[in-house]
Asker: 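Got a structure for you, written out below as structure tokens; questions coming shortly.
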Amino acid sequence: MVNTIKFSEGRIITDDTIDLYETLSVTDVLISDYSSLIFEFMALNRPIFIYASDLKEYEKERGLYFKLSELPFSVSTNNDELCTSIQSF
């Protein structure tokens with residue numbers, strides 16, 4: 001399988017054969033949802049923004065181990081909130 005890296009408007013899009021830790025090491029900012037990836041990225045001491053547009057449904061259907069609001073990151077539930085969080089960072 002060939003590793004694919006595609007650059008698009010300031011984003012790096014990779015296939016699943018690229019090493020995640022190598023990708024994180026060159027990432028300046030992480031926007032994630034409920035992924036445990038945020039805890040891996042925390043070690044790099046770089047900005048993290050949580051975008052959870054379906055937070056209420058997710059909590060109802062699957063539940064969370066803790067409230068996202070307890071984390072030291074902004075939690076946005078729509079694009080406007082996310083843009084405001086990034087701009088005010």
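All heavy atoms count here, side chains included; hydrogens, waters and symmetry mates do not. Counting begins at 1 with the first residue of the sequence.
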Asker: Do L37 and L68 land in one hydrophobic cluster if side-chain heavy atoms of ILVMFWY residues count as linked below 4.5 Å?
Answerer: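 Yes, L37 connects to L68 through the hydrophobic network.
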Asker: Which heavy atom in F41 sits nearest to a heavy atom in T27, and how many Å separate them?
Answerer: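 Smallest heavy-atom distance, with atoms named: CZ-O, 3.6 Å.
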Asker: Do I48 and F39 have side chains that approach each other closer than 4.5 Å (heavy atoms only, starting at C-beta)?
Answerer: no
Asker: Any side-chain heavy atom of V29 within less than 4.5 Å of one from I86?
Answerer: no
Asker: Testing the basics here: between F49 and S85, what is the closest heavy-atom pair and its distance to 0.1 Å?
Answerer: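 Result for this residue pair: CE2-O, 3.6 Å.
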Asker: About how many Å separate OG of S36 and CD1 of I38, when rounded to the nearest 0.5 Å?
Answerer: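 If we round to the nearest 0.5 Å, I38:CD1 and S36:OG are 8.0 Å apart.
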Asker: Would F66 end up clustered with I50 when hydrophobic side chains under 4.5 Å apart are linked, directly or stepwise?
Answerer: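 Yes.
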Asker: Does some side-chain heavy atom of L64 sit less than 4.5 Å from a side-chain heavy atom of L55?
Answerer: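 L55 vs L64: side chains touch.
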Asker: Taking all non-hydrogen atoms of both residues into account, name the closest pair between L82 and Y51 and its distance.
Answerer: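 Looking at all heavy atoms of both residues, the shortest contact is CD2-CD1, 3.9 Å.
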Asker: I'd like to know if M42 and L71 are part of one continuous hydrophobic network [Ile/Leu/Val/Met/Phe/Trp/Tyr, side-chain heavy atoms within less than 4.5 Å].
Answerer: yes
Asker: Kindly give the heavy-atom pair with the smallest separation between R46 and D28, and that separation in Å.
Answerer: CB-O, 3.6 Å
Asker: Under the criterion side-chain hydrogen bond (donor to acceptor under 3.5 Å, both in side chains), which of N79, T84, T77 is the partner of E81?
Answerer: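 Option passing the side-chain hydrogen bond (donor to acceptor under 3.5 Å, both in side chains) with E81: T77.
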